[in-house]
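Worksheet for the structure shown next.
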Amino acid sequence: MVAVNSPLATTLSNDEVLRYSRHLIMPEVGMAGQQKLKAARVLCIGAGGLGSPLALYLAAAGVGTLGLVDFDVVDLTNLQRQIIHTVEDVGRPKLDSAHEKLTAINPFVNVRKFETKLTSGNALDLFRDFDIIADGTDNFPTRYLVNDACVLSGKPNVYASIFRFEGQASVFATEGGPCYRCLYPEPPPPGLVPSCAEGGVLGILPGLLGVIQATEVIKLILGSGESLIGRLLLVDALGMRFRELKLRKNPECPVCGVNPTVRELIDYNQFCGIRGEEAPVTASVPEIQPVELKARLDRGDNIFILDVREPHEYQICNLGGHLIPLGDLPARMNELDSSREIVAHCRSGVRSAKAVTLLRQAGFAKVKNLAGGILAWADKVDPTVPKY
Ligand SMILES: [Zn+2]
């Protein structure tokens, strides 16, 4: 099915035979399959939510070489789903943490760490030494980059993505099979699809999808079973429903079609409409710093605090402000007094910047954005306010 380097010289030690005995006694895997697994080289993009179960199970199953690409450090908010990391790892590079767990499970695995951001400049070089690429990224520029680099280098792209309670998985860029761009020729407009950091994700969901990815990787290596090539698996964890869509290779596909227009890696931030790391959404809106706001409130200045987050966020923490979620603001502006000084805030300052723009357009001249939102307030003014 997929050309994995020949397992010619790969033999198993007695320790390995014992370790993999539950594989070896199944004729579908057997000694030949286990040798294929040992000879296989799989590159996981990201050691986060999807990468955690993916890498853990591939290592346990005996995949011989596991590459990991990640440049992040472990954060406390990761532990709700990124089960390869522990409390002791907070603040450490994810690669070091993952490496330790993987070799603790299976010392026979050769873990190769690439502490870097995957870019158009390094992707093809990184992919060269691997047979299969597993995409565990959480953003569109990297997802298109992984796909195009897989198509250009002829390596299968075992894909999954997750959001809130839903996930999807497929296998792209195999010979004759569709690629991610056959399914999604264009990225969504920037800002339309929130990230997991913005929209949240159920902790178990990357577990479900990451294990599906690991299953597909192992099937590709063994060359058995019916892979997700040409099928998009849709997982709805709330309804606990698994559906699938048939996918066809698009002859017009710009990267894998008959007359491809993308023949080398491009600038994927530009392609996805993102300038630099993050679009500067809060620029050009009048701001007030948390420390200045605190000083003025302490002085007794008559400032109206407007909280534009959602009610469930207000329950986590609040500054005692008047709650009008951003989406309700256009219809509820009559609750506000345009003669008063208003400071709008949200979690990080992005939504409230939009609120300030809306209000200014509606004639509220004395409205400002709390720079950095309630997170900055917690950092700079009141450390007892929980951050989320
Ligand atoms: Zn395509």
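One-based numbering, in listed order, for ligands and for the atoms of each. Along the sequence shown, residues carry numbers from 1.
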State plainly whether the residues Asp96 and Lys113 are in salt-bridge range, i.e. N to O under 4.0 Å.
-> yes
Glu292/Lys368 salt bridge by N-O under 4.0 Å criterion | no
Do the numbers put Arg143 on top of the ring of Tyr159, so that NZ or CZ is under 6.0 Å from the six-membered ring centre and no more than 45° off the axis?
-> no
For Leu323, which fellow cluster members are found when Ile, Leu, Val, Met, Phe, Trp and Tyr are connected by side-chain heavy-atom distances below 4.5 angstrom, either directly or through intermediates?
-> Tyr314
Sorted by chain and residue number, which protein N/O/S atoms are under 2.8 Å from the Zn ion (ligand 1)?
-> Cys179 SG, Cys182 SG, Cys253 SG, Cys256 SG
Cluster membership besides Phe163, Ile/Leu/Val/Met/Phe/Trp/Tyr side chains within less than 4.5 angstrom, sorted by chain and number, is none
How would you list all residue pairs meeting ring pair (Phe, Tyr, Trp, His ring centres under 6.0 Å) that involve residues 75-112, not counting sequence neighbours?
-> none
